[in-house]
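Counting from 1, the numbers follow the sequence of the chain as shown. Quick note: numbers below take in every heavy atom, side chains included, and nothing from hydrogens, waters or symmetry partners. Given the structure is predicted, the values throughout are model-derived calculations rather than measurements.
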Amino acid sequence: MTETSQIKIVVAGPRGRMGAETVRMIERTPEFTLAAAADDGHDGANAGELLGIPGLNARVYDDIGACFSAVHPDVLIDFTNPEAGRRNLQAAIDYGVRPVIGTSGFTKEEVAGYREQMDGKQLGGIIAPNFAIGAVLVMKFSKMAAKYFPDVEIIELHHDGKKDAPSGTAVKTAELIAQTRKPKKQGAPDERETLRGARGADYDGMRIHSVRLPGLVAHQEVLFGSKGELLTLRHDSMARSSFMTGVAYSVRTVMSLDTLVYGLENILD
């Protein structure tokens, strides 16, 4: 941590819904300082004026490398998009900045590649599909339940502005379930779709369904079926502020990590 005990943070994508919420979280957290923001097309602007937050004074850079060189931050928080997220994560590694990445779309191979680079620098960081503590607990509980309930389907529901499907949270949930679930193909042996895609995506024999509607934020339901019973695990984020506890926890935690962690569940006590 810095000599002033303040964690200096750069936020990429401050005008996005998650980025703006992150900036507000930093402003109300005593040990956090917004050192700067990174945003294409707004170089030289003041983040406070850009977001309408009185009293906030942090420069916006359109070049992430120039930003890191100028302010020497401890942590990068990124909630942009997969393309920008990859670029920003690589820049963070190059400049020795600890990344906290909420952008989804990273493959296992990409994560392994970034981790290898960060291990070489003993640099801590985290990529998390979901920072809501409740959502992470549903993932952990799902992994536990799958040992006894191998028939499972995942329904994830998000706002209609979300571009990737299924969500990173749903994929991560399926990955965790696969660690304890015996592989099996679900449904009738002679099942057929009369409308293509009706049964959802297939992950190791389990099904994932994506819903996109205005009015939703981020929701997931995991259904486990067995003879005579149904186990339902569900989490609902009604506001983006629900993610901020996990983001703040991650920022504090990466300061003492020396590797890249994938998934918030791996740093929860």
Please determine if Lys184 and Asp151 form a salt bridge, counting it only when a charged side-chain N lies under 4.0 Å from a carboxylate O. yes
Should we say atom CD of Glu191 is surrounded by more than 12 heavy atoms from elsewhere, each under 6.0 Å from it? yes
Tell me whether Ser226 contacts the main-chain N or O of Glu229 through its side chain, where contact means a donor paired with an acceptor under 3.5 Å. no
Testing Thr29, Asp74, Val254 for side-chain contact (heavy atoms from CB on, under 4.5 Å) with Ile7, which one passes? Asp74
Is it possible for you to check whether Arg59 lies under 6.0 Å from the centre of the six-membered ring of Tyr61, through NZ or CZ, and within 45° of that ring's axis? yes
What residues join Leu195 in its hydrophobic cluster, counting side-chain heavy atom gaps under 4.5 Å, either direct or through other members? none
For residues Gln220 and Thr169, is any side-chain donor paired with an opposing acceptor at under 3.5 Å? no
Please confirm whether the ring centroid of Tyr114 lies under 6.0 Å from the ring centroid of Tyr262. no
Flag for Gln117-Gln90: side-chain donor and acceptor within less than 3.5 Å: yes
Pair Glu156 + Lys162, salt bridge at N-O below 4.0 Å: no
Tell me whether the count of non-hydrogen atoms from other residues, nucleotides or ligands lying under 6.0 Å of CZ in Arg192 goes above 12. no
Would you mind telling me which of Lys172, Lys143, Lys140 makes a side-chain hydrogen bond (donor to acceptor under 3.5 Å, both in side chains) with Glu265? Lys172
Presence of salt bridge, Asp236 and Arg234, under 4.0 angstrom: yes
Which residues share a ring-ring contact (aromatic ring centres under 6.0 Å, His included) with Tyr95, sequence neighbours left out: Phe68
